[in-house]
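Written out below as C-alpha cells is the structure these notes cover.
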Number of protein chains: 2
Amino acid sequence: MKDIKHFLRQNSLRPTKQRVIIANYLFDGVNKHVTAETLSNELLKMKAGISLATIYNTLHDFYEKGLLKKLMINSERIYFDTNTEHHHHFYSKKDQKLIDINADMKVSGLPKPPKNKKINKIEVLVHLDN
Amino acid sequence: MKDIKHFLRQNSLRPTKQRVIIANYLFDGVNKHVTAETLSNELLKMKAGISLATIYNTLHDFYEKGLLKKLMINSERIYFDTNTEHHHHFYSKKDQKLIDINADMKVSGLPKPPKNKKINKIEVLVHLDN
DNA sequence: CAATACATTAGAATCATTCTAAACTGATAT
DNA sequence: ATATCAGTTTAGAATGATTCTAATGTATTG
Ligand SMILES: [Mn+2]
Ligand SMILES: [Mn+2]
Ligand SMILES: [Zn+2]
Ligand SMILES: [Zn+2]
C-alpha cells in the first residue's frame, strides 16, 4: 500500500494520524489476524501509542468499509482478518493463533437448510492440537 | 433419562437438588444448545430459581465430565451442546440459534497442517441468512 | 484563516463470566 | 439416626473485553 491516505479517502475514511498508522500496519501486504489487544501491542512496539478506544473505533470503521473481516472463533475476544476473501482457518487454541487456508476446499453431504432459511456462507475451522 | 441421580453419580457428580433439576432439563432426550442465560430463563419458567453462579458451575462441571460440548461461535456468549457426538451446525445470527447437522459431511482439499501441528477436529459452521 | 463535521481520548459503564467466602447439604462413618 | 466433612450453592464483588460519554483535537472546505 503506497498511498495510505489516498486509500483511506477512497474508502470514505478521513486519513487521520492514527488511521494512517493502523492502516499502514494492517495493509502492508502480509495478511494478519489481530485483536484489539494484539494490535495495541504491535503499535506500542512501533512507538505509536494509540488509545484502545481509537483502536476499537478504527477496527470497526475498517470493518464497516469492508476492509476487514470479523471472526467469531473464541468467546473471549474478537479477531479481525485483513484477508477479506472467503477462506478458512487452522486454529491453535494453545497459541491463540489463526492460520489462513487459501486452498479451495469443498464440503460435501450438506443437508438442506431449514425451511425459509438461506445459506449465507460455510466456514470451516480446523482445530489444531499443539 | 429415568434415574438422573444414578446418572450423576455414575459421572462422579453429587446429585444435588440443583444438578438434578438442570440435568433433568438438559438430558431429557432432546438435544439442546444453551447458554447460561437461556438455561436460567428455562429454569425460571419451571419455577426453579437457581443462581447464575450455580448455573455456570454446573455447566462447567457437566462439561468437564464430558456430558456437554462447549461451542465458541459467538464472541458474546458461550454455548453448551447436549449433543456430544462430533457434528456440525447451522447458525442463524439473527435468531442466535444453532441447529445440529448430523449428516456425515466430508471436507475435501484440506492442506497439510503447519509443521509440528496435528489436526484435532474439523468444525463446519453453516451461517444462515435469515 | 474560520467554521464545522468528524475523530480521538480518558475514564466510566456494560455485560458475560469468574471469583470469594460464608452458609448449606449429600455422603459416609460411627 | 447423628455427627462430620468434603463438596456445593449463593450473593455479591471482581475481572476483562468491549462500548459509551462527553470533552478536546483535527481534517476538510470555503
Ligand atoms: Mn483475523
Ligand atoms: Mn452463556
Ligand atoms: Zn484469515
Ligand atoms: Zn449441536
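Small disclaimer: the values here were computed from a predicted structure and weren't measured. Labels below follow one simple rule: chain letters A, B, ... track the order of the sequence lines, proteins then strands, and each chain is numbered from 1.
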Mind jotting down which residue pairs meet the side-chain hydrogen bond (donor to acceptor under 3.5 Å, both in side chains) criterion with at least one end in residues 48-68 of chain A? Sequence neighbours excluded, please. A:Arg19-A:Asp61, A:Ser51-A:Thr54
List in chain and number order the residues that pass side chain to side chain donor-acceptor pair (under 3.5 Å) with A:Asn11, two or more places apart in sequence or in another chain; answer none if no residue qualifies. none
Going by the rule side chain to side chain donor-acceptor pair (under 3.5 Å), which residues pair with A:Gln96 if we only count those two or more places apart in sequence or in a different chain? A:Arg77
To the nearest Å, give me how far apart [atom1] ([X]) and [atom2] ([N]) are.
X       : N      : atom1 : atom2 : answer
B:Glu64 : D:dT8  : CD    : P     : 12 Å
B:Ile50 : D:dA11 : CD1   : P     : 11 Å
A:Met72 : C:dA16 : CE    : C1'   : 14 Å
B:Asn11 : D:dT8  : CG    : P     : 13 Å
A:His6  : D:dT28 : NE2   : C1'   : 16 Å
A:Gln18 : C:dT8  : CD    : P     : 5 Å
B:Ile55 : D:dT10 : CD1   : P     : 9 Å
B:Leu59 : C:dA16 : CG    : P     : 15 Å

To the nearest 0.5 Å, tell me how far A:Leu68 CG sits from A:Asp81 CG. 8.0 Å
Nearest-0.5 Å distance, CZ of residue A:Phe62 to CZ of residue A:Phe27: 5.5 Å
Applying ring-ring contact (aromatic ring centres under 6.0 Å, His included), name anything that partners B:His89, two or more places apart in sequence or on another chain. B:His33, B:His87
Listed partners of B:Lys106 passing salt bridge (Lys or Arg N to Asp or Glu O under 4.0 Å), at least two apart: B:Asp104
Identify each atom pair where a protein N or O and an N or O of nucleotides 13-19 of chain D are less than 3.5 Å apart, giving names and distance.
unit_1: D:dT18; atom_1: OP1; unit_2: A:Ile78; atom_2: N; d: 2.7
unit_1: D:dT18; atom_1: OP2; unit_2: A:Tyr56; atom_2: OH; d: 2.5
unit_1: D:dT18; atom_1: O5'; unit_2: A:Tyr56; atom_2: OH; d: 3.3

Per the ring-ring contact (aromatic ring centres under 6.0 Å, His included) rule, what does the pair list look like for residues 106-126 of chain B, sequence neighbours excluded? none
Could you tell me whether B:Asn57 contacts a base, only the sugar-phosphate backbone, or nothing, with contacts defined as non-hydrogen atoms closer than 4.0 Å? base
Short side-chain N/O contact to C:dT8 OP1/OP2 from A:Thr54, under 4.0 Å: no
Write down the protein N/O and nucleotide N/O pairs, taken from nucleotides 22-30 of chain C, whose separation is under 3.5 Å; answer none if there are no such pairs.
unit_1: C:dA27; atom_1: OP1; unit_2: B:Arg9; atom_2: NE; d: 3.3

Between side-chain atoms of residues 39-46 of chain B and protein atoms elsewhere (two or more places apart, or another chain), which donor-acceptor pairs fall under 3.5 Å?
unit_1: B:Asn41; atom_1: ND2; unit_2: B:Glu37; atom_2: O; d: 3.4
unit_1: B:Glu42; atom_1: OE2; unit_2: B:Lys45; atom_2: NZ; d: 3.1

